[in-house]
Number of protein chains: 2
Amino acid sequence: MGRWEPDAAGRLREAAMALYAERGYDGTTVADIADRAGVTARTFFRHFADKREVLFNGSERLQQHMVAALAAAPADATPMEAMATAVLASAEFFDHIPREYSRDRAAVITSTPELLERELIKMASLGTALTQCLLERGVAPDVAALAAETGVAVFRVAFERWIGAPDDVPIADVIQATLKTLAGLTA
Amino acid sequence: MGRWEPDAAGRLREAAMALYAERGYDGTTVADIADRAGVTARTFFRHFADKREVLFNGSERLQQHMVAALAAAPADATPMEAMATAVLASAEFFDHIPREYSRDRAAVITSTPELLERELIKMASLGTALTQCLLERGVAPDVAALAAETGVAVFRVAFERWIGAPDDVPIADVIQATLKTLAGLTA
DNA sequence: CCCAGTGATGTCATTGACTGACATCACCGA
DNA sequence: TCGGTGATGTCAGTCAATGACATCACTGGG
């Protein structure tokens, strides 16, 4: 055993989720979170940039996963087909974490404007990354930006629908359905 | 003349824009802004919820304008046609303010993560409002959400392109072109 | 076996955003 | 003339966030 309990960041994440769900984001201080995790508030800020970031650590991995899927799409796919591949790839990400966790996390976030802001900037970052990836596939700048933003819109809408859907509905199905809705939208 | 100079909120807005552009958002304190506007920091918070909100006062009017346009769209228009009407209506809003102001404001916002977050939540709010409006037109929930989010994506992409375009290009033209790009995307 | 270096953490002080409670006082309407 | 109102000021306090510095188990070389 080391000098300190291992995985302070993980304990802080768990403590934050629990307290945000229990007392709400505003009713929770960083000191509360740190106490429950057995560290000091200063240590919290060594692991997370701010009080919001503690809930958004999976987002880089999700982004990487989707970007990788986009990059791996067939070279002859249209921009929108490639984006569809990327959005569908997000399903694998969510299959790896308990659905209940996703639901709780979404509930806390949507009920807290400050956390919602953070979530949105993650989505914007995702959009930028996907745009960049499309550009590298040779897609025209205007088309790339719009395709990426549209793809993110599909992801957001699908995720929200999935959260509210029965437990036996796989997220991949919801994404497929949302993509189909999009296709019908402009037809 | 009243006891105080009139329009404290307006002076605070101007002072904030000037200081954010000059020293950056982080390099500016609320006390700085209040000083330049000739009031105290406490008064700043009576007019604006926080240090970010002072740059986002036009956004409710923009949202109202777009919602009104959407509501006024022909009853037989498809969801996407109606959304196009709403997005195009935003042009009238920007025609009323100096382009240079829009550019400066956009420059400050895009270079400051905290302000970017606020901008994004305003866009999300716009999306929600447009979704609601589509629902009231009888559009199916799934279609409404997706159409609204897509419309917001078009607006965001078009605005960004407009900001970077020469001064003689009207925003309405850029929006038209972006809508055309979207149509080509799913074809 | 000892010792200097490393890294994760603690401690302390400070800044600045934001809030609640209360005071002030020109203005306005009865 | 007077009491009410509303925008502002003053003051004290909480909490997020950061910088500077101390601590000390662990590690690898001598």
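So that the names make sense, note that chain A is the first sequence line, chain B the second, and so on, each numbered from 1.
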Quiz item: Between A/Arg52 and B/Glu117, is there a salt bridge with N-O shorter than 4.0 Å?
Solution: no
Quiz prompt | Least distance between heavy atoms, A/Arg103 atom then A/Ile163 atom | solution = NH1-O, 2.8 Å
Quiz item: Starting at CZ of B/Phe44 and ending at C1' of C/dA17, how long is that distance when rounded to a whole Å?
Solution: 10 Å
Quiz item: Does the distance from a Lys or Arg side-chain N to an Asp or Glu carboxylate O, for B/Asp168 and B/Arg99, drop under 4.0 Å?
Solution: no
Quiz item: Can you tell me how far P of C/dG16 sits from CD1 of B/Ile33, to the nearest Å?
Solution: 13 Å
Practice problem: May I have the distance from A/Phe45 (atom CZ) to C/dT11 (atom C1'), rounded to whole angstrom? | Solution: 16 Å
Exercise. Determine the interplanar angle of the A/Phe155 and A/Phe94 rings, folded into 0 to 90°, and report it as parallel if under 30°, tilted if 30 to 60°, perpendicular if over 60°.
Key: parallel
Quiz item: How close or far is atom P of C/dA17 from atom CD of B/Glu53, stated in whole angstroms?
Solution: 16 Å
Exercise. Mark yes or no for whether A/Arg118, through its side chain, and A/Pro113, through its backbone, hold a donor-acceptor pair below 3.5 Å.
Key: no
Quiz item: Base, backbone or nothing for each nucleotide of nucleotides 6-12 of chain D, written B, S, -, heavy atoms under 4.0 angstrom, 5' to 3'?
Solution: BBBBB--
Practice problem: Give the intermediate values and the outcome of side chain to side chain donor-acceptor pair (under 3.5 Å) for residues A/Thr186 and B/Thr186. | Solution: CA-CA 7 Å; A/Thr186 50; B/Thr186 50; 2.4 Å; yes
Quiz prompt | Short side-chain to backbone donor-acceptor contact, A/Ser90 and A/Ala86, under 3.5 Å | solution = no
Practice problem: Within residues 14-29 of chain B, find the residues that approach DNA chain C with a heavy atom at under 4.0 Å, and present them sorted by residue number. | Solution: B/Thr28, B/Thr29
Quiz prompt | d(CD, A/Glu117; C1', D/dA16) in whole Å | solution = 15 Å
Practice problem: Could you state the atom-to-atom distance from CD of A/Glu114 to P of C/dC18 in whole Å? | Solution: 9 Å
Exercise. Examine distances only and state if a side-chain atom of A/Arg161 and a backbone atom of A/Val174 form a donor-acceptor pair shorter than 3.5 Å.
Key: no
Quiz item: What is the distance from CG of A/Asp50 to P of D/dA17, rounded to the nearest Å?
Solution: 5 Å
